[in-house]
Structures are given as structure tokens and as C-alpha cells.
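Written below as C-alpha cells is the structure these notes are about.
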There are 2 protein chains.
Amino acid sequence: MAAKKTPARGEADRLSLICKAIRRAILERALLPGDRLPEDALGERFGASRTIARYALGQLAAEGLVDLRRNRMATVAAPSFADARDIFDLRIVLERQVVRHLAGKLSDREVKHLQAIVEAEHAARHGADGTAIRLATEFHVALAEMTGKPILIRYVTEICYRAGLALSAFSRPHSSDCAVSEHLDLIEAIRTGPADKAADMMEAHLEAVASRALLQASDARGRDLMNILAPYAGDPG
Amino acid sequence: MAAKKTPARGEADRLSLICKAIRRAILERALLPGDRLPEDALGERFGASRTIARYALGQLAAEGLVDLRRNRMATVAAPSFADARDIFDLRIVLERQVVRHLAGKLSDREVKHLQAIVEAEHAARHGADGTAIRLATEFHVALAEMTGKPILIRYVTEICYRAGLALSAFSRPHSSDCAVSEHLDLIEAIRTGPADKAADMMEAHLEAVASRALLQASDARGRDLMNILAPYAGDPG
DNA sequence: TGCAACAAAAGTGCATGCACTTTATCTGAG
DNA sequence: CTCAGATAAAGTGCATGCACTTTTGTTGCA
């Protein structure tokens with residue numbers, strides 16, 4: 001029988017299936033800030049009941065990817081401009097920490113793995129889908145995972161997804177936010193360089209990413225205004 | 001009638017009520033790592049069904065305060081020694097960031113507020129309940145809130161609770177982990193000092209807290225063992 | 001006494017139902 | 001045509017029920 005009562009050992013349950021799918025869709029900008037996420041549509045799409053979908057949305061809300069308001073449909077979170085800036089500030093201190101742990105300690109295998117990701121990034125560079133963006137995030141998450149510190153990994157992963165969402169809110173469509181060459185330089189700096197220098201380079205990289213997206217957005221106020229006003233529309237209280 | 005169909009504007013719903021209660025109980029060490037959290041008992045205690053209790057446990061698990069394993073009863077999370085160390089490492093970089101934002105920028109009102117908390121801490125110093133511990137955490141959370149940065153506040157608050165849980169796992173009963181005088185010095189350093197000096201002081205403070213609890217635990221391996229074994233023991237008291 | 005195997009009890013996993021709220025659609029007056 | 005109000009449709013909030021799993025006793029046997 002295909003249908004088992006309890007998921008097998010490695011088998012993904014529908015709960016994490018929903019979470020993963022939405023996270024990825026957000027990262028790849030298939031889902032945009034403000035997009036609606038009705039519970040039953042979600043559940044039906046994944047062969048689960050509303051109960052599961054609702055629970056998944058709760059988890060995603062805890063990660064800051066989804067907005068939940070009582071009696072209202074869940075939506076993809078719409079970070080404000082200030083939120084975006086704060087997310088990147090936080091991301092910088094967390095990823096500096098990652099780099100400090102890793103500097104001068106990467107194994108050959110790890111270097112290879114990172115280079116392979118950047119390679120793939122380069123290959124996906126000119127596709128219209130979100131693959132390049134996803135791979136860029138994968139690079140940063142892979143770095144975090146190499147620290148072997150579960151708590152650090154978890155927070156970096158989360159902030160990377162939130163940063164991806166923030167970029168989705170403020171950078172132009174189809175712009176690939178991370179420059180491939182910067183990632184290559186980063187690998188080299190972490191492999192060879194002193195910790196502080198590598199950390200500075202990570203900070204510069206992330207600051208560049210933030211600037212490219214956020215500065216251009218602060219020019220075009222219209223975008224920001226839309227975002228600020230969205231939650232208030234139709235609710236005088 | 002007293003019973004409304006929908007909670008009034010400011011009224012706390014039972015979901016966040018459960019979350020708050022458990023968070024606080026963990027912080028005050030009324031709940032210890034490994035303690036069981038059956039859904040129906042929880043729900044009944046707060047006049048809600050299992051659905052709500054289950055959802056609350058999911059939220060707390062996302063915050064790292066609760067362990068969830070399929071088909072098993074939820075338990076208060078039992079961080080390993082390595083987890084505890086990682087949590088404090090992360091807490092240090094986050095709270096350094098808080099202090100950097102705040103240094104030289106505290107209003108008189110804010111200084112007063114912080115001093116009042118430390119005052120209360122001092123008063124609760126010799127009580128056997130967890131009030132002193134809770135107030136110590138409140139001090140750190142209050143600092144974070146003064147940055148006005150929602151994302152930073154959220155992460156600092158979460159890491160503070162996780163740190164409280166880690167201390168609960170590894171420090172002796174009734175030890176108040178934060179020295180009151182250190183908090184007073186911290187206020188002064190943030191009020192007057194240059195950002196880096198204040199940040200260093202925060203780091204030293206947190207490192208001291210971690211050391212007091214974690215070093216004594218790494219000496220006495222038995223303590224760690226107790227914690228590992230706790231979930232398997234029946235409830236002796 | 002020690003310890004399997006088994007049976008009852010307690011607990012989780014999840015869908016479904018119903019009351020209530022929000023959102024969308026329709027209607028008619030200005 | 002526009003827009004307020006009414007009404008239908010869609011969606012959420014939450015309890016409950018039932019199948020399944022884990023845990024806890026309990027009994028039988030060495």
C-alpha cells in the first residue's frame with residue numbers, strides 16, 4: 001500500500017512539506033509580500049486538512065515569513081523598510097560570527113562544496129526563475145552549517161530567509177542580489193585569511209547586497225509607501 | 001455576558017496565555033528541562049481544547065523552549081552543554097549589538113526604568129522563588145526594547161529565554177545568576193561610555209554569567225548526567 | 001525475584017463540523 | 001456612474017471524535 005498511517009523514518013510529513021514549500025516559494029519570489037495564504041487551499045494542495053495548514057502557518061509566522069492577524073487570511077509577511085534594514089544589521093552580526101568560527105579552518109572538501117554552489121549560482125545567473133537567488137542563500141546557509149553549531153545554524157538560516165523576503169519586497173524583479181565574484185572572494189578569504197579580515201569581508205558583502213536593494217528602493221518611495229499602508233487599509237482601528 | 005465569542009481588542013487569547021505561562025514558568029524554573037507537557041492537561045488548565053494547547057507547543061518549540069517528537073509527549077527542552085555554550089555565544093553578539101545602539105543615547109526616563117528593575121532584582125534577591133531570575137531577564141529584555149528595533153527585540157528576547165533555560169539545566173538551584181552590581185555598572189557604562197567599551201562590559205557580564213553556571217557544571221559531571229537522565233526518571237518531586 | 005508477553009490506559013495525529021467574521025458580490029438610490 | 005448598504009460566499013477559530021501509538025500496569029512463567 002502507498003498510504004501508511006505513520007510517516008516512515010526519513011519520510012517528510014505534510015507539515016514540514018508545507019513549510020518547506022512556502023519557504024522556498026518565498027525565497028524564489030514565486031510568493032511575494034502580501035500574497036494570501038488561505039488555509040484550505042494550502043491544505044488541499046498538499047493533501048492535508050486545514051488543521052495542518054494552520055499549524056504550518058503558525059510555524060512560518062514564528063519565523064517571520066508569514067503575517068497572521070486574527071480572523072484574517074494569512075499573508076506572506078511584508079517587511080517595512082526599517083524591518084529590512086534591521087534584518088540586514090542582524091544578519092551581518094550573525095554571519096560575521098559564522099565567518100569568525102570558520103576562518104582558516106575550512107577543509108578541502110568544504111571549500112569544494114562551497115565552490116560548487118557558486119558554480120551553480122553562476123550557471124543559473126541568467127535564468128528568469130528564482131534559482132540563482134535560492135543558490136545564493138544556499139551558499140550562506142552552507143557556511144553556517146559548517147560551524148556545526150545547531151543554534152547558530154538555525155538563526156542564520158532563519159535570518160537568511162527573512163533577508164530574502166526583505167529583498168523581494170524592495171529590490172527590482174529578476175535582479176540577482178548576490179554578486180557571484182563576491183562569493184568566490186569570500187571563500188578565499190575564509191580559507192586563508194585571518195578571522196577579522198574575513199569577517200570584515202562578509203560584512204562588506206552583505207552591506208553591498210543591502211545597499212543595492214535598499215538604496216534604490218528608498219529613491220522610489222512609492223514602493224515603500226504601499227508597504228507601509230497595506231496593513232492599515234480597511235482597518236480604522 | 002462575560003463570555004465573548006471573539007476576544008476584545010487588548011484581551012489576551014488563550015493561545016498566547018498558554019505560551020506566556022509556560023515561558024515564564026521555564027524562566028522561573030518552576031518547569032525544568034525534561035518536564036512533560038501533555039496537551040490535554042495544558043488545554044484543560046487554561047480552559048482550551050487540545051487544539052490550542054498543541055498549537056502553543058508548536059510555537060514554543062519554534063522558540064527552542066520545548067522539544068517535540070512525533071507521537072511522544074512534549075517536554076521542556078533539555079539543552080546540552082554544547083547548546084548552552086552556543087546560546088551564550090549568540091546572546092553575547094546580540095546583546096553587544098543592543099548596547100552599541102544604546103550607548104550614550106539613554107534618556108533619563110529609560111535610565112530610571114532600568115534602575116527600577118535592578119532595584120526590584122535586589123529586593124527579590126533572597127527569595128526562594130524565581131522572581132530574581134525573572135527580573136534579571138527583564139533587565140536584558142528592557143534594554144533590547146529600548147533600541148526600538150522589533151527584529152532585534154524579538155531575537156534578544158528569545159535568546160534570553162533560551163539562556164534562562166540553559167542556566168536552569170546547568171546551574172545549581174536557587175542560584176541567582178546575574179549579579180545585581182554588574183547590572184548597575186552596565187547601566188552606567190551604557191549611559192556615559194563609548195559604545196565599544198559598553199559592549200565589552202556587556203560581553204564580560206554575560207561571559208561571567210555563563211562561566212559561573214557552565215564551568216561549575218563541567219566540573220561536576222554528575223550534574224550534567226542528572227539532566228540527561230531527568231526525562232527517563234519518574235517524577236520524584 | 002526477574003522479566004517477558006500482553007492488555008488497559010493515556011496520549012498523540014489529524015480530519016471534520018459548526019459558529020462566527022471577513023471578503024466579495026449584488027442591488028438600488030442619488 | 002458611483003457608492004452605501006444588504007446579502008451571499010469564503011474563510012477563520014476552535015472543539016470534538018476516532019484511529020493509531022506510546023506508556024503503563026498486570027499477569028504468567030522460569
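Remember, it's a predicted structure, so these values are computed and weren't measured experimentally.
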Handout entry: Single hit among A:Arg72, A:Arg50, A:Arg45 for salt bridge (charged side-chain N to carboxylate O under 4.0 Å, His left out) with A:Glu39
Key = A:Arg50
Fill in the blank from the handout: Residues of residues 42-50 of chain B with a heavy atom under 4.0 Å from any atom of DNA chain C, listed by number, are B:Arg50
Problem - Heavy-atom check, side chain of B:Leu206 versus side chain of B:His140, under 4.5 Å - result: yes
Problem - Any A:Ile26 side-chain heavy atom under 4.5 Å of A:Asp35 side chain - result: no
Practice task
Please report, rounded to the nearest Å, how far the C1' atom of C:dC14 is from the CD1 atom of A:Ile18.
Solution key: 12 Å
Handout entry: Nucleotide nearest A:Asn71 when distance is taken to its side chain, options D:dA15, C:dT23, D:dG13
Key = D:dG13
Exercise for the section: Please name the residue in the list B:Asp86, B:Asp83, B:Asp89 that meets the side-chain hydrogen bond (donor to acceptor under 3.5 Å, both in side chains) test with A:Lys149. Expected result: B:Asp86
Fill in the blank from the handout: B:Met73 atom CE is separated from D:dT21 atom C1', nearest whole Å, by 12 Å
Handout entry: Between A:Tyr155 and A:Gln97: side-chain donor-acceptor atoms closer than 3.5 Å
Key = no
Exercise for the section: Decide yes or no on side chain to side chain contact (heavy atoms under 4.5 Å, CB included) for B:Asp13 and B:Ile52, but give the supporting numbers first. Expected result: CA-CA 10 Å; B:Asp13 49 326; B:Ile52 306 294; over 6 Å; no
Completion exercise
By nearest-nucleotide position on DNA chain C, the 5'-leaning member of B:Thr51 and B:Asp40 is B:Asp40
Practice task
Give the nucleotide from the list D:dA15, C:dA15, C:dG11 with an atom nearest to the side chain of A:Arg14.
Solution key: C:dA15
Exercise for the section: Report the distance from atom CG of A:Leu27 to atom CG of A:Leu65, rounding to the nearest 0.5 Å. Expected result: 9.5 Å
Problem - Candidate nucleotides C:dG11, C:dT22, D:dA15, ranked by approach to the side chain of A:Arg72 - the nearest - result: C:dT22
Handout entry: Between P of D:dT12 and CD of A:Glu39, the distance in whole Å
Key = 4 Å
Practice task
Would you kindly give the CG-to-P distance between B:Leu15 and D:dT12, to the nearest whole Å?
Solution key: 16 Å
Exercise for the section: Enumerate the residues from residues 52-64 of chain B whose closest heavy atom to DNA chain D is under 4.0 Å, giving them by residue number; use none for an empty result. Expected result: B:Ile52
Completion exercise
Tightest non-hydrogen contact, residues A:Leu94 and B:Val93, listed as CD2-CG2, 4.5 Å
Exercise for the section: Give a yes/no on whether any side-chain N or O of B:Arg70 is located under 4.0 angstrom from OP1 or OP2 of C:dC14. Expected result: yes
Exercise for the section: Answer yes or no: is there a side-chain heavy-atom contact under 4.5 Å between A:Arg162 and A:Leu165? Expected result: no
Practice task
Using a cut-off of strictly less than 4.0 Å, decide whether A:Arg69 has a side-chain nitrogen or oxygen near OP1 or OP2 of D:dG11.
Solution key: no
